A.B. asks: 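Have a look at this one before I ask anything.
This structure is a prediction, so every number in the text was calculated from the model and none was measured. Naming convention: chains lettered A, B, ... in sequence-line order (proteins, then strands); numbering from 1 in each chain.
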Amino acid sequence: MQKSSVAVLKASSYEEELLGLLDAGLSEAWPEAEKSIRGKTILLKPNLVEFDLNTCINTDPRLVLAARELFLKRGAGQVWIGEGPGHRRDTWDLADQAGYRKIVPDFDDRFIDLNLDEVKALRAYGDSMDLYLPKTLLNADMVVSVAKMKTHHWAGATLSMKNFFGVVPGAIYGWPKNLLHYQGIDRSIVELNRLIRNSFAIVDGIVAMEGNGPIQGTPVQAGVLVMGRDVAAVDATCARLMKLDPLKIRYLKDASALRIPGLGAIEETSIDQRGENISQLARPFQVLDEFASMRLA
Amino acid sequence: MGLVESRQYFLRSNQNGDGGWGYFPGRESRVEPTCYALRALGVSNSHWARGLAFLTSCQDKTGGLAPGLSIPGATWVTQLAFPLLKLGGLEAKKLELAAAWILNTEGAEGTVMQRLLHAMGKSKVDQDPRLRGWPWRPDNNSWVEPTTHGLLALHWMSGHAPEAGVRYRRDVATRMLLDRRCSDHGWNYGNKKVLGEILPAYPETTALALLGLVSSGVDLTASLAKARNDLSLTKGAYGRALLTLALRLHGEPVEYVSEYESIHPSRNLMLAGLEVMAARGSRENILP
């Protein structure tokens, strides 16, 4: 079975030349990327949740801008940025507060509020129901989860796979998107990633969050970016960088069990890890007591 | 062109052929932006009848309204639209069906296990599960925004629903909103504490809860002070418009000031409608 490639990049600050780093990371993680990108429509899905000056809840806009430039440089026809926050309805204000409108030059013309987008139904959750998803997402040739590396008080960790909660439209499911909790958080994470198959992941771990994430945790200078085509492999690598055992993160195990090609390589032996050595960058993230058993020895 | 005129022009220019409005120009009509557009444009104009026709076309056989014609299944937009359906003179039978849908739809919390955990102080969230408001969709939990619109809809139900049922829902939903109030006296989407951590209020949801509690007789002094303070600090147009509207409906002399002279750069039609409502500060179309 072919291994999933994941690139680990050292990045100590958002002031670094992020485009160059991402460019190198894309070449490592997906050498043949260009033919899948050229002329295509790419949707970048950052993690834009809430704003709190004292912590680091959201994907840094400088990384989102660099990701946008990366895909344009590699020949993408169009690169959109889309998000549907789960608690806040004023997505524009949130983007303003989080610095997106200041940092991304043409943000107003490039941003789609996925909460309010037109939708299309897909059969989901074991064919038991229709799940409405934004047309911008479904019409994109590729969706890039530009996620934040954070601990999570319900799921253990939120990385590129959990980031797709933000594509579920609030105008249909509300604020919060209660349906996802009723169906089970882990199950919903896996289901969304099963449905969004043409994806790529970039995880912002330059400044990450530990403790009571994803909103009230503590910033931690992890100094790392992680990229790859197999979102579960990327998240498993992030977990190891956080010194968490990916085999104990339920949604990663469940995604792996589906055995879908290109999704779910979470064992170390099934990942072709490129770039920096994990052991030199890994650091133990603080987690809530109930997730203590997830810690790697 | 003034603030109200520019937003109204934007709305008038972007009514869809089916009579409704989308969230953005050229997008599929939905009940929510249509309700805000109709409230902003007022009755007795050429847009009103077509807009109402769109709303009524979204009513299904349960009596509730779906969010849009391509999205079947009645949701919380039923209570948002109810006052407009009544103002628009929808036939009594259909109004009664909509009222019954609203009265019969409540949050799904309150299971035996939830009550037990709450009583033992072991619930992960600090909510009294006996107090049910309205959910975004049937069979989900109660949250602040749909409960606010449920409470506002109850004001319009006279003659269309049993008075006892209306009184009961008003009482429990009012207590639910007060139970969900954050320690800073405002509201977020409806969780004041999760896993022992106190969560902050948001400006827009504080405003929404205050709208739902208009004429409730509850002492809201601290929450109104919180809303005034939020208004002085909030930059976002959605939060500012809702705070202004809520404070004005509570009798406070505040004016809506927008950062943008012309329409908001998001080109959000629902926001444009809300800005008109805030600038006017009128109870018309919100309370009977």
Side-chain angles (χ1 to χ4, degrees), chain A residues 50-52 54 85-97 101 106-121 129-132 134-136 152-154 169-183 211-217 288-291, chain B residues 22-24 26-33 66-68 70-73 75-77 107-108 124 134-137 139-146 188-191 194-200 202-205 208 234-242 259 264-271:
Chain A
E50 291 193 22
F51 183 71
D52 180 347
N54 300 313
H87 294 162
R88 306 298 301 265
R89 290 204 60 163
D90 196 343
T91 312
W92 234 262
D93 184 43
L94 189 55
D96 216 9
Q97 290 186 62
R101 291 185 70 210
D106 51 354
F107 180 86
D108 289 351
D109 299 324
R110 291 283 113 200
F111 181 74
I112 305 289
D113 186 342
L114 298 178
N115 277 330
L116 307 181
D117 201 15
E118 292 190 351
V119 295
K120 184 182 165 194
M129 59 181 286
D130 280 340
L131 178 67
Y132 291 93
K135 285 185 179 172
T136 299
H152 192 281
H153 58 203
W154 301 126
I172 308 298
Y173 296 105
W175 289 260
K177 301 164 185 183
N178 219 180
L179 164 97
L180 301 173
H181 298 96
Y182 266 83
Q183 291 294 331
N212 186 19
I215 292 167
Q216 294 188 304
L288 297 181
D289 289 346
E290 62 200 275
F291 298 113
Chain B
Y23 285 103
F24 302 99
R27 299 300 182 93
E28 174 184 83
S29 297
R30 297 276 187 87
V31 168
E32 187 181 27
S70 67
I71 310 156
T75 73
W76 71 283
V77 295
K124 289 181 177 179
W134 279 269
W136 291 98
R137 296 167 67 87
D139 305 320
N140 285 189
N141 280 13
S142 317
W143 300 101
V144 165
E145 186 165 349
N188 57 31
Y189 54 89
N191 258 342
V194 175
L195 296 172
E197 290 284 341
I198 291 171
L199 302 185
Y202 308 144
E204 64 273 21
T205 30
L208 280 161
T234 300
K235 280 185 69 184
Y238 180 70
R240 287 188 62 77
L242 275 171
E259 194 182 347
H264 190 271
S266 64
R267 296 179 58 77
N268 183 321
L269 288 156
M270 173 180 146
L271 174 60

A.B. asks: A quick test of your reading: do over 12 heavy atoms of other residues, nucleotides or ligands sit less than 6.0 Å from NZ of A/Lys120?
C.D. replies: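 No, the 6.0 Å shell around NZ holds no more than 12 heavy atoms from other groups.
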
A.B. asks: Pick one of side chain, backbone, both or neither for B/Ala66, based on which atoms fall under 4.5 Å of a heavy atom in chain A.
C.D. replies: neither

A.B. asks: Which region of B/Thr205, side chain (C-beta onward) or backbone (N, CA, C, O), has a non-hydrogen atom less than 4.5 Å from a non-hydrogen atom of chain A, or is it both or neither?
C.D. replies: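 The answer is neither part of B/Thr205.
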
A.B. asks: Given heavy-atom pairs under 4.5 angstrom as the criterion, report whether the side chain, backbone, both or neither of A/Gln216 touches chain B.
C.D. replies: side chain

A.B. asks: Under 4.5 Å heavy-atom distance to chain B, tell me which part of A/Phe111 shows up: side chain, backbone, both or neither.
C.D. replies: neither

A.B. asks: Contact part of B/Arg137 toward chain A, heavy-atom cut-off under 4.5 Å: side chain, backbone, both or neither?
C.D. replies: side chain

A.B. asks: Let me know if B/Asp139 has heavy atoms under 4.5 Å from chain A in its side chain, its backbone, both or neither.
C.D. replies: backbone

A.B. asks: Looking at every non-hydrogen atom in both residues, tell me the closest pair between B/Asn191 and B/Asn188 and how far apart they are.
C.D. replies: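 Of all heavy-atom pairs spanning B/Asn191 and B/Asn188, the closest is O-ND2, 2.6 Å.
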
A.B. asks: Which bit of A/Asp90 comes within less than 4.5 Å of chain B, counting heavy atoms only: side chain, backbone, both or neither?
C.D. replies: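 The answer is both parts of A/Asp90.
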
A.B. asks: Where do B/Tyr23 and B/Leu269 land on the side-chain contact (heavy atoms from CB on, under 4.5 Å) test, with the steps shown first?
C.D. replies: CA-CA 5 Å; B/Tyr23 285 103; B/Leu269 288 156; over 6 Å; no

A.B. asks: Below 4.5 Å from any heavy atom of chain A, which atoms of B/Leu208 appear? Answer side chain, backbone, both or neither.
C.D. replies: neither

A.B. asks: Write down the atom of A/Leu116, the atom of A/Ala171, and the distance for their closest heavy-atom approach.
C.D. replies: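 Shortest heavy-atom separation between A/Leu116 and A/Ala171 comes out as CD2-CB, 4.1 Å.
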
A.B. asks: Checking heavy atoms, do the side chain of B/Leu195, its backbone, both or neither come under 4.5 Å from chain A?
C.D. replies: side chain

A.B. asks: Applying side-chain contact (heavy atoms from CB on, under 4.5 Å), can you list everything that pairs with B/Thr234, at least two apart in sequence or on another chain?
C.D. replies: B/Pro203, B/Asp230, B/Arg240, B/Leu243

A.B. asks: Within the 4.5 Å heavy-atom criterion, are A/Asp108 and A/Arg101 side-chain neighbours or not?
C.D. replies: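 A side-chain contact exists here, since the closest heavy-atom pair is under 4.5 Å.
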
A.B. asks: Where does the angle between the aromatic ring planes of A/Trp92 and A/Phe107 fall among parallel (under 30°), tilted (30 to 60°) and perpendicular (over 60°)?
C.D. replies: perpendicular

A.B. asks: Specify which of B/Pro265, B/Pro135, B/Pro67 makes the most heavy-atom pairs with chain A at under 4.5 Å.
C.D. replies: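 The option with the most such pairs is B/Pro265.
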
A.B. asks: Looking at every non-hydrogen atom in both residues, tell me the closest pair between A/Pro169 and A/Tyr132 and how far apart they are.
C.D. replies: CD-O, 3.2 Å

A.B. asks: May I ask you to name which of B/Asn140, B/Leu199, B/Val77 has the most heavy-atom pairs under 4.5 Å with chain A?
C.D. replies: B/Asn140

A.B. asks: For B/Tyr202, is the NZ or CZ atom of A/Arg88 found under 6.0 angstrom from the centre of its six-membered ring and inside 45 degrees of the ring axis?
C.D. replies: yes

A.B. asks: Can you say whether A/Glu290 sits under 4.5 Å from chain B via the side chain, the backbone, both, or neither, judging by heavy atoms?
C.D. replies: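 Only the side chain of A/Glu290 comes within 4.5 Å of chain B.
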
A.B. asks: From B/His264 NE2 over to B/Tyr238 OH, what is the distance, rounded to the nearest 0.5 angstrom?
C.D. replies: 12.5 Å

A.B. asks: Do you see a donor-acceptor pair shorter than 3.5 Å between the side chains of B/Trp136 and A/Asn178?
C.D. replies: no

A.B. asks: Using heavy-atom distances under 4.5 Å, tell me whether B/Glu204 contacts chain A through its side chain, its backbone, both, or neither.
C.D. replies: side chain

A.B. asks: Less than 4.5 Å to any heavy atom of chain B: does that hold for the side chain of A/Trp175, its backbone, both, or neither?
C.D. replies: both

A.B. asks: For A/Ile172, is it the side chain, the backbone, both or neither that has a heavy atom under 4.5 Å from a heavy atom of chain B?
C.D. replies: both

A.B. asks: Between B/Met270, B/Arg30, B/Lys235, which has the largest tally of heavy atom pairs under 4.5 Å with chain A?
C.D. replies: B/Arg30

A.B. asks: So which of A/Asp96, A/Leu94, A/Asp117 has the biggest tally of heavy-atom pairs under 4.5 Å with chain B?
C.D. replies: A/Asp117

